[in-house]
Structures are given as structure tokens and as C-alpha cells.
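Just below is one structure, and these are the notes that go with it.
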Amino acid sequence: MTTELAKHFEPTTAESCYPDWEERGRFSSRPREGRKGDYCIVLPPPNVTGTLHMGHAFQHTLMDALIRRERMRGKNTLWQAGTDHAGIATQIVVARELEKRGIHAAKLPREEFLRHAWEWKERSGGLITAQMRRLGASCDWARERFTMDDDLSRVVISVFVRLYEEGLIYRGKRLVNWDPVMLTAVSDLEVVSEEEAGVMYHVRYPFADGGKDRGGGIIIATTRPETILVDGAIAVHPEDERFRPLLGRRVTVPMTEPPRDIEIIADSFVDPAFGAGCVKITAAHDFNDYAVRERHPEKNIPLIILFTPEAKMNENAPAKYQGLDRFEARKRIVEDLRAGGLLIKEEPHRYHLPRGDRSGAVVEPMLTDQWFVRAAELAPKALAAAAEGRVRFFPENWRKTYQHWLENIQDWCVSRQLEWGHRIPAWHDDEGNIYVAESEEKAREKANGKKLRQDSDVLDTWFSSALWPFSTLGWPEENNEHYRRYFPTSVLVTGFDIIFFWVARMVMMSERLAGKEPFRDVYITGLVRDAEGQKMSKSKGNIIDPLDVVGGVSLQSLLAKRADDLMTPRLRARIEAQTKKDFPNGIPPYGADALRMTFASLASYGRDIKFDLERCAGYRNFCNKLWNAARFVLSACADYKHESEATDAANGYGIPERWIVSRLQRCELEVENAFAIYRFDLAAAAIYHFLWDDYCSRYLEMAKGRLLRNRKATQRALVAVLETALRLCHPIMPFITETLWQKIAPLAGKSGETIMLAPYPSADKTKMDEKAEAEMAGFIAAVEECRKLRAELRIPPKERPAVFIGESGKATLAPLAEDFCLLTKTSEIRWNNPPANLPRVTVPLSFPRKRESSANAGNNRNEDGDNTFHLALDWQATAAADKEESARTEKKLRATKAELEKLERTLADPEFINRAPPAVVKKKTTRAAALRATQKELLRLRQTP
RNA sequence: AGGCGCGUAGCUCAGUCGGUCAGAGUACUGCCUUGACAUGGCAGAGGUCACAGGUUCAAGUCCUGUCGUGCCUACCA
């Protein structure tokens with residue numbers, strides 16, 4: 001060999017092939033002659049808020065595996081990459097960065113802030129794509145996009161204009177979730193509610209007529225006493241007898257200046273059993289209350305806004321409260337209520353507080369002008385796409401979640417009061433008219449040259465994301481080659497956390513605008529969590545950077561990454577302690593292939609992926625195993641010259657060669673079935689077991705002996721199977737397979753510059769060999785029984801005793817006698833029933849189904865009438881080993897007896913015989929016969945010593 | 001409150017059509033540095049499949065309920 005392989009797999013070396021792939025255009029989506037179909041995945045564009053996390057790496061691995069496999073299967077493939085501007089998230093990050101440099105983002109002119117944001121985008125976007133490359137992602141980088149690229153922005157604007165003109169977008173004053181820290185509206189999806197401790201205040205509103213009945217007023221319960229100031233009504237349940245007499249009566253709102261009266265009205269949303277049984281109605285600051293007002297237009301319930309955008313008390317509050325923060329105001333008002341004798345009761349109360357998911361601030365329902373999409377009009381087609389199976393979910397049950405949301409869909413607030421994003425293409429004149437157009441010029445035309453200013457809002461990020469699958473492919477240019485070829489895309493791979501945010505909205509927009517579904521399949525992945533099942537998050541300090549798993553990281557760097565940014569020292573100390581405990585020596589380098597294999601094997605249909613580095617270590621070992629297998633093959637086949645493919649007979653293939661080839665087909669079939677339903681874990685497991693158990697532990701070990709006897713055929717099998725297996729694993733482990741394939745492929749007579757474009761293996765049924773598999777199954781069983789016997793008898797490893805094998809085993813084992821001796825470290829086989837004084841085991845043989853009834857199967861039946869034979873080692877056990885052996889015998893006997901009794905009970909049941917399928921009856925009968933033989937043998941053994 | 005999951009070996013999880021289905025990896029125990037690999041080999045121990053009913057000849061698997069647990073949606077002021 002001119003080029004020796006290192007003794008251990010070195011991931012970094014293998015991973016260095018990436019630039020070559022890229023430079024040679026291996027990832028290109030350009031269609032080629034003779035390709036068999038098209039396959040496209042659009043990458044869910046990562047936010048340019050920083051770097052990729054484990055969840056991204058996980059999903060990217062799966063997408064890359066799909067793409068690489070289809071590329072090898074001969075399709076034109078496009079993996080469309082790109083990043084998302086991620087409006088609010090990025091704006092927060094950029095503002096924070098500026099803060100560090102002493103710049104107050106809020107005070108910057110819009111243009112200046114945007115300049116900083118673009119700088120940040122360049123940096124972050126570069127980091128993200130570098131990370132993806134490091135993990136092996138085979139995106140068509142030449143087509144990489146950003147949601148705010150000029151052409152994509154133009155599409156966003158034109159879609160907005162179109163939907164506006166079609167009446168699907170409108171502007172209106174509506175109650176929206178307002179984030180008083182970010183100073184923007186947020187959609188209901190961006191609000192997280194968690195239970196928190198609060199206080200329920202019971203407050204008396206005096207009767208306006210001065211009546212002293214019922215204690216002189218009505219008592220309401222509230223958690224937000226500060227909003228009393230702008231109450232518009234009191235509501236009770238229409239059938240609540242306690243309050244019925246009060247309907248229509250008026251009460252005075254406490255502490256208003258000048259005092260205001262409001263009416264007691266009936267509305268069935270009030271729960272008589274909760275709180276005081278009656279509710280104050282603050283229509284401008286509560287969604288329920290707003291709805292009450294809409295239901296009772298005749299009552300003219302006032303709609304008074306109490307807060308500034310920062311959630312401070314505005315001019316509608318009495319002078320003494322004006323300018324106070326809402327929570328400060330609450331304290332003061334409670335004090336004043338108490339002083340005025342109107343505070344009847346305070347009790348601790350747990351309730352859900354809505355907070356902005358980005359800022360963490362308590363969100364305020366606020367009446368503002370916003371832009372909305374009439375989602376309810378878009379939903380039916382999106383529902384139909386799923387119902388008709390044009391869009392299929394994997395796993396299927398996520399379809400229900402999708403449907404449920406679409407069936408209950410609300411209008412979508414798409415305006416955000418931010419700098420960073422697609423500016424809404426609407427212009428206002430001084431008279432309050434609005435002109436929606438694709439450019440200022442066009443707007444001015446519509447406005448007859450009036451002085452205009454553009455709406456200062458930008459669009460929700462998800463608005464542009466919803467167009468991503470087709471806008472990146474060239475839509476609305478219907479003739480664009482990529483659009484025609486690759487749309488609808490093949491599969492969307494994403495997490496369940498954004499089914500609402502993104503998946504449903506993409507389908508809605510695509511159905512409406514492109515007239516078809518955006519993707520055929522939706523594969524919903526689980527969410528990557530840490531080894532304890534905690535969600536990975538910066539604030540928890542349990543983030544793992546995927547590249548640190550690939551390349552390793554010292555404890556120091558890890559601590560710096562996790563804790564440096566944290567403001568609170570206590571949190572910092574806790575995270576440092578936890579990190580030191582979890583990774584006392586940092587993280588060793590596992591390599592991209594091992595990480596990818598880990599991700600694949602964790603990708604079952606479960607919801608949570610607990611990421612455990614131990615698992616990763618297992619697959620790193622697997623890489624090393626594969627590496628060393630190749631190393632062995634290369635050294636064993638240094639003198640091998642490939643000759644053209646021939647029949648098994650001409651190849652000189654024996655049973656083991658036919659067996660390993662057959663097993664390979666089976667593995668290929670399993671992988672194919674697994675990929676078809678996105679069960680990457682099953683594909684990974686099939687590959688793992690084939691390579692480790694069948695190829696390495698069994699065939700390769702046998703090959704060591706067979707190379708001496710049947711060199712050429714053994715070499716051919718070793719090389720051909722390994723070469724195919726490398727191609728089979730390539731989609732999951734691209735680097736190691738490319739490196740090894742470069743060395744192995746020439747031996748196998750394969751040409752080609754890269755494994756990436758070599759054909760993907762698919763099972764060849766003619767190479768499945770049931771007979772060889774059955775005979776090898778018998779052989780393997782014999783080897784395992786013999787090894788167990790060795791271990792039980794405590795035979796030192798260096799000893800090579802002879803082995804007795806009963807006559808009925810001869811047909812199966814004689815052709816493999818030398819292999820048997822090699823694998824069991826025995827000297828020779830003596831073909832007669834073991835002498836009675838030696839402990840022996842019973843080995844079952846299996847036969848190919850087709851030949852089961854044929855005449856020669858009978859030759860292998862022993863005196864018990866079942867397909868077994870006896871095996872013993874020519875070795876006198878020591879007393880100690882003997883004692884242990886007899887203990888084991890007892891245990892086996894108990895287990896055998898128990899199973900046999902259970903089986904016999906079943907077989908004795910006439911119902912079972914009558915109703916169960918004959919195949920099952922036969923199976924159990926056979927099993928019972930085998931157990932009886934085993935039991936007989938064990939009983940004999942117990943008496944012999 | 002509704003919806004969707006989950007509960008299988010110490011840990012992380014497979015188990016598709018009800019019948020070789022009590023499984024894998026990892027951790028653990030013993031032996032082995034044998035010419036691909038100690039990131040390895042051989043062997044071993046370890047589970048009342050959360051619990052209770054039901055359907056069935058047959059249930060980890062299907063049905064009902066209970067307990068535990070997680071997520072999502074909507075919420076009572």
C-alpha cells in the first residue's frame with residue numbers, strides 16, 4: 001500500500017474534503033442530462049441572530065441525508081439555503097450589541113440603526129453558513145438567499161399590495177398584544193402565558209344614586225385595579241339572581257376625576273361562581289371586555305385608553321397618577337382605595353400573565369392601528385391540502401394540530417413597530433387617506449401628487465417566511481426553470497413548535513398565490529433537549545454548540561460561551577457549577593460524522609430528543625470501527641485485482657460470501673423502507689448492525705481464515721460489500737465514507753470522482769439467498785453455543801480443544817469447519833456425538849423455508865425428531881467451573897421448564913388449535929419440541945457429573 | 001378547561017400487521033492487550049412492559065378508566 005490509513009479515524013482529516021466538493025460544484029442544483037426526476041428541500045431559514053444550535057444541526061443533518069441520498073439516486077437535487085432577518089429577535093440582539101458599545105439604539109435614526117443591523121447580519125449569516133459547511137451540509141450555496149434580499153423584498157411588497165387589493169389585508173384599530181418594552185405589537189403566537197402569583201382585589205363601586213342598600217354599592221373582583229380608572233361598565237351573568245335587580249342601575253367609578261358613572265349590564269361570559277360574580281369592563285385594555293363592548297353596541301360603553309406605549313399612565317388618568325408606570329400606579333391606587341374604604345378584600349391569587357416571548361415584559365392589550373391578514377379566508381384551501389393528502393404529515397398525528405389551528409384561526413396582525421424588516425408599502429396623506437402601492441411613485445400617482453409619508457411599520461417576519469418556499473425559487477416568474485422544476489418542493493423538515501407560525505402560513509400563502517401546495521411532505525422533528533430533558537436555552541446555560549461536539553472544546557471556552565454574557569452573578573455561578581459538573585474536561589472532539597449518526601439514530605417519531613454525549617461517543621466508536629474494517633480490507637486486498645462481475649459460482653463464493661451479500665441486500669431494503677417514512681433512526685440502526693455485527697464481527701473474522709483458502713473470492717466479497725456499504729451510509733456520514741471510498745472504490749472496480757455522485761445502493765432481490773442465510777444462522781448459533789460453553793467451562797483463551805459435533809450437524813457445519821474452528825478457537829471437529837461424560841449443548845438448526853419440506857431436510861433430524869444437534873468441547877472441567885456450570889444448568893432448566901409449561905398450556909387449548917392461524921400453531925409446536933429436547937438434555941446433564 | 005403525547009433494563013430509547021417480542025445502545029460484572037479496531041473482542045447480569053379492568057384462543061401492542069408526567073391551545077375578571 002502506498003497510502004497507509006491512520007490507526008484511528010481522524011475526523012478532521014476526513015472533513016477536509018468539503019471545500020473540494022463545493023468548488024467542484026457537487027452541490028449544484030443545475031439539472032443534468034439523464035437525471036431521474038427532481039428533488040428539492042427548502043431550508044427553514046435560520047435567524048441571523050447569532051449561531052446555530054443543536055436543533056438546527058439536528059434538522060440540517062436529516063435534510064442533508066435526504067438530499068444526498070436523492071442525489072445519489074440520480075435525481076436533480078436542490079437544497080435551497082438561506083437565512084431569515086428575524087425582525088424582532090434580531091433587533092433585540094443588535095440593540096444589545098450597541099448597548100455594549102454605549103450606543104442607545106432607540107435614539108438612533110432609523111437609517112443608522114439599519115446600517116448596524118446589516119453589519120450584524122453579514123457577520124451572523126457568515127457564521128451560520130460556516131457552521132453548516134462544517135457539518136457537511138450540501139446546499140447549493142450559489143443560490144443562498146436572505147429574506148431581505150432586494151428581489152425577495154420586492155416579492156414581499158408585491159404580495160402585500162396584491163392581497164390588499166384583493167381585500168385580504170386591511171388596516172384597523174384593534175386591540176392587539178402590545179409589548180411595552182419593544183414598543184411594538186406582537187401576534188398572539190409571540191405571547192407566552194405562565195402562571196404567576198398575584199393578588200385579587202375586591203373593590204366596592206358605590207351606587208350613583210347614593211342608595212345605601214346592599215352595603216351601598218356593588219363589589220367586583222379584579223387583578224388589575226389600575227384599570228378601574230377607565231372602566232366602561234360592570235357586567236354580571238344575566239341569570240344570576242343575586243344581581244338581576246341591579247341590571248341597568250349605575251355605579252360611580254372610584255377615584256375618577258371628575259367622577260364617572262357606568263351601567264351594570266348583563267353578559268353571559270361572566271362566571272357567577274368566580275371572584276365576586278361580577279366583572280368590571282375595561283374595553284380598551286382587555287380582550288374579553290372589548291368583546292363585551294362589541295356585543296352591546298346599544299350601551300355605548302366608553303373605550304378609553306389609559307396607557308402610553310411604554311405602559312405608563314396617560315392623560316386620561318387623574319393628574320396624580322399621570323406618568324406613573326402601570327405597576328407603580330397599581331400600588332398607589334390600591335393604597336388610595338384602601339384609604340377610601342372601597343377596598344373590601346385582598347387575596348393571593350395565581351393567574352396567567354401574558355409576556356412577550358422576546359422581551360419578557362407583561363404584554364398590554366392596546367388599542368392601536370395595525371395591519372391584518374384575513375386568515376380565515378385563506379385557511380380553507382390550506383385545510384383542503386392536508387385533507388386531500390396533497391400535503392402529508394410525518395408523523396401523521398401532527399395533521400390534527402395543524403387542522404385544529406386552521407379551523408380556529410384568527411386574523412393575523414402583520415404590522416410590527418420595528419425598524420428591521422420589510423417596510424409596509426402604504427403611504428399616508430395628511431387627511432388620513434392611505435395609498436397602498438409597490439413604490440412611492442405609484443402611491444403618489446394614486447394620491448394625485450399629495451404629500452405622502454410612508455407607514456413606519458414593518459411586516460411580521462413570518463409574512464416573508466410564508467413566501468419563502470416559492471419566492472426563493474423564482475416565483476412569481478412562472479417560467480423560471482427552478483420554479484418549474486422544483487416547486488412544489490419535496491419535503492419540509494421542521495420542528496413542531498412552528499407548525500402555526502410557519503407551516504400553516506406557508507400552505508395558506510402558497511395555495512393562494514402559487515395555486516398549489518408548497519411541499520408534498522412535512523416531516524416534523526422532535527426538539528433537541530439536554531441530557532436531562534431540559535430545553536436548551538441561553539438563560540438555562542445548557543446550550544451546546546454543535547461545532548464543539550464536532551471539534552471539541554475546553555472547559556474554559558465552554559464556560560466562557562455559556563456564562564460570559566450573563567448579567568446576574570448568581571445565575572452565572574450556578575451555570576458555571578453545572579457546566580463544570582457536566583463537562584469536567586470540556587467536550588472531546590467527536591467529528592461531524594459521529595454527530596450526524598447520533599442525530600440520525602435519535603430521529604424516531606418522538607417529540608423530545610434528549611441529547612446525550614455518551615450516545616455520540618458510541619457512534620464515534622462506530623466510525624472508528626468502520627475505519628478499521630476498511631484498513632483491514634485494504635491490507636488484505638493489496639494484491640487484489642478486480643475482474644468484471646460474474647456469477648457467485650464463477651466468483652468462487654461460498655456460503656459466507658453469499659450470506660454477507662444477502663444480508664447487505666436486506667440492510668439496503670431496511671434503509672429504503674426507513675427513508676420512505678423518515679425513520680432515520682431505523683435506517684441508522686440497520687446500517688450500524690449490518691456493519692458492526694454482520695460485516696465486522698462475523699464475515700470479517702471468517703475472512704481472516706478464508707483469505708488463506710479461497711483468497712480471491714474472499715477479497716472480492718470483502719471489497720464489494722464494503723464499497724456498497726460505504727455508499728449506503730454516505731448520506732448520514734458523508735466525510736468518512738468519501739475518504740474510505742476513494743481507497744476502496746478502485747479495488748471494487750468502481751470509477752468516479754466522488755462517492756457523492758456514485759449510485760445509491762438498492763436491494764437486488766436476486767442476491768437474497770435464503771438458503772445461505774439459513775445455513776449461516778445455524779453456523780452462527782453453533783459458534784455462539786460453543787463460545788458460551790467455553791466461557792462456562794472457563795477454558796483459557798489460549799487453549800485449543802477439539803470439539804464434538806453430532807452427526808446431524810454435519811451437513812451444515814462440515815463446509816464451514818475451518819471457519820468454525822477459527823471463530824471458536826478450537827483445534828478440530830470430531831464428527832460424532834459427544835462422549836457422555838462431557839457437558840454438551842443442544843444447537844438448533846434452521847432451514848430455508850422453501851426447502852423445509854424437501855427430502856434432504858430430514859437427514860438433519862436427530863433422534864429427538866427436531867432440527868438440533870449436540871456439541872461438546874473436549875475439556876475436563878475443573879471442580880470450580882463444574883460447580884458454576886451446574887448452577888447455570890439449574891437456571892436454564894427452570895427457564896426452559898417455565899416456558900415449556902406455558903407453551904403446553906396454550907397447545908392443549910382446543911380453542912387455540914381451532915382459531916389460531918396454522919402457521920402460529922406450527923411455530924409453537926416446533927418451539928415446544930425444541931424446548932423438550934433442551935430440557936431432556938439438561939436433565940441428563942444434571943445427572944451425569 | 002380542551003387537544004396531543006409519553007410511562008418498556010440503572011440511563012437514553014426501539015418494538016410497524018396482536019402470535020420467536022422481552023430488544024438495542026450505553027452504563028455495570030468477569031475474562032482477554034489474539035496481526036483492522038482496547039474508540040476493541042468474548043461472555044454475563046439486569047425488566048410484574050405505570051396501575052386496574054375489558055376485548056381476544058392469544059395483549060407491551062387494541063378498548064375503557066386511574067395515577068404520574070410533558071407539551072400545545074384557550075382562558076375566570
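Remember, predicted model here, so these are calculated numbers, not experimental data. Chain identifiers are assigned alphabetically (A, B, ...) following the order of the sequence lines, protein sequences preceding nucleic acid strands; residue numbering begins at 1 within each chain.
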Roughly how far apart, to the nearest Å, are B/C37 and B/A59 at atom C1'? 44 Å
Please report the distance separating the P of B/C31 from the corresponding atom of B/A36, rounded so that it comes out in whole Å. 25 Å
Among A/W405, A/F496, A/Y678, which residue meets the ring pair (Phe, Tyr, Trp, His ring centres under 6.0 Å) test with A/W398? A/F496
Looking only at B/C57, B/A77, B/U20, the nucleotide nearest the A/F269 side chain is B/A77
Short side-chain donor-acceptor distance under 3.5 Å, A/D231 and A/Y205: yes
Within the 4.0 Å heavy-atom criterion, would you say A/C623 contacts the bases, only the backbone, or no part of the nucleic acid? nothing
Test: A/R224 and A/E226 ion pair at under 4.0 Å: yes
Determine whether the aromatic ring centres of A/Y619 and A/Y688 lie less than 6.0 Å apart. yes
Once you round it to whole Å, what is the distance between P of B/A77 and CD1 of A/I234? 16 Å
Should A/S604 be listed as having a side-chain N or O under 4.0 Å from OP1 or OP2 of B/A14? yes
Would you say the side-chain atoms of A/R596 pair up with the backbone N or O of A/I732, donor to acceptor, closer than 3.5 Å? yes
Where the side chain of A/L700 is defined as all heavy atoms beyond and including C-beta, which of B/A36, B/U56, B/C37 is the nearest nucleotide? B/A36
Is there a Watson-Crick or G-U wobble partner for B/U26 with both distances under 3.5 Å, and which nucleotide is it? B/G10
Please determine if a side-chain N or O atom of A/R631 lies less than 4.0 Å away from the OP1 or OP2 oxygen of B/A36. no
May I have the distance from A/D909 (atom CG) to B/A58 (atom C1'), rounded to whole angstrom? 9 Å
Taking the same atom, C1', in B/A74 and in B/C4, what whole-Å distance lies between them? 14 Å
Taking the six-membered ring for Trp, are A/F599 and A/F611 parallel (under 30°), tilted (30 to 60°) or perpendicular (over 60°)? tilted
Can you confirm whether more than 12 heavy atoms, excluding those of A/R794, are under 6.0 Å from its CZ atom? no
Just wondering, are more than 12 heavy atoms of other shown residues or ligands nearer than 6.0 Å to CD in A/E196? yes
Nucleotides 4-12 of chain B: protein proximity per nucleotide (B base, S sugar-phosphate only, - neither; heavy atom, under 4.0 Å): BS------B
N or O in side chain of A/K704 less than 4.0 angstrom from B/A36 OP1/OP2: yes
Quickly work out the A/L613 CG to B/A27 P distance and round it to whole Å. 13 Å
Please figure out whether A/H404 or A/M200 has its closest RNA chain B nucleotide nearer the 5' end. A/H404
Suppose we define a pair by two distances each less than 3.5 Å, Watson-Crick or G-U wobble; what does B/G35 pair with here? none
With no hydrogens and no angle check, is any side-chain donor or acceptor of A/R679 less than 3.5 Å from a backbone partner on A/A603? no
C1' atom, B/G54 versus B/G18: distance in rounded Å? 15 Å
Which part of the nucleic acid, if any, lies within contact of A/I220, taking any heavy atom under 4.0 Å across all strands shown: a base, the sugar-phosphate backbone alone, or nothing? nothing
Does B/C51 have a Watson-Crick or wobble partner in any strand here, with both distances under 3.5 angstrom, and which is it? B/G65
Would you kindly give the CZ-to-P distance between A/F599 and B/C13, to the nearest whole Å? 15 Å
Mind checking the P distance from B/G41 to B/G25? Whole angstroms is fine. 11 Å
Distance, rounded to the nearest Å, where A/F496 contributes CZ and B/G3 contributes P: 19 Å
Under a 4.5 Å cut-off applied to non-hydrogen side-chain atoms, are A/K798 and A/K825 in contact? no
Please give, in whole Å, the distance from B/G35 C1' to A/K7 NZ? 11 Å
Look at all strands and tell whether A/P796 reaches a base, only sugar-phosphate, or nothing, counting heavy atoms closer than 4.0 Å. nothing
For B/U73, give its Watson-Crick or G-U wobble partner with both distances under 3.5 Å, or none. B/A1
Donor-acceptor pair, side chain of A/H349 and main chain of A/G198, under 3.5 angstrom: no
Distance, P atom - from B/U55 to B/U8, rounded to whole angstrom: 27 Å
Taking any heavy-atom pair under 4.0 Å as a contact, classify A/K825: base, sugar-phosphate, or nothing. base
So, is the end of the A/K704 side chain (NZ or CZ) under 6.0 Å from the ring centre of A/F632 and within 45° of the ring's axis? yes
Tell me if B/C72 is syn or anti. Syn = glycosidic torsion within 90° of 0, anti otherwise. anti
Base, sugar-phosphate or nothing for A/H237? Non-hydrogen atoms, less than 4.0 Å. nothing
For the side chain of A/W627 and the backbone of A/A6, is there at least one donor-acceptor N/O pair under 3.5 Å apart? yes
Please list, in numerical order, the residues of residues 679-690 of chain A that have a heavy atom closer than 4.0 Å to any atom of RNA chain B. A/R679, A/L682, A/Y688, A/H689
Side-chain contact test, heavy atoms from C-beta onward, threshold under 4.5 Å: evaluate it for A/F269 versus A/R295 and give yes or no. yes
Footprint string (nucleotides 40-46 of chain B, 5' to 3'): B base within contact, S backbone only, - free, heavy atoms under 4.0 Å: SSSSSSS
Under 5.5 Å and under 30°: A/H352 stacked on B/C75: no
Pairwise C1' distance, B/G30 and B/A45 [rounded to whole Å]: 10 Å
Main chain of A/R698, side chain of A/E701: is a donor-acceptor contact present, judged purely on distance under 3.5 Å? no
Can you measure A/L789 atom CG to B/C31 atom P for me and round it to whole angstrom units? 20 Å
Rounded to the nearest Å, what distance is computed from the CG atom of residue A/L907 to the C1' atom of nucleotide B/U20? 14 Å
Taking the side chain of A/N628 as heavy atoms from C-beta outward, which of B/G19, B/A36, B/A77 is closest to it? B/A36
For A/S193 and A/A630, take the nucleotide of RNA chain B holding the closest heavy atom to each; which residue's nucleotide lies nearer the 5' end? A/A630
Give me the distance, rounded to whole Å, that separates B/U48 from B/G7 when you measure between the C1' atoms they each carry. 15 Å
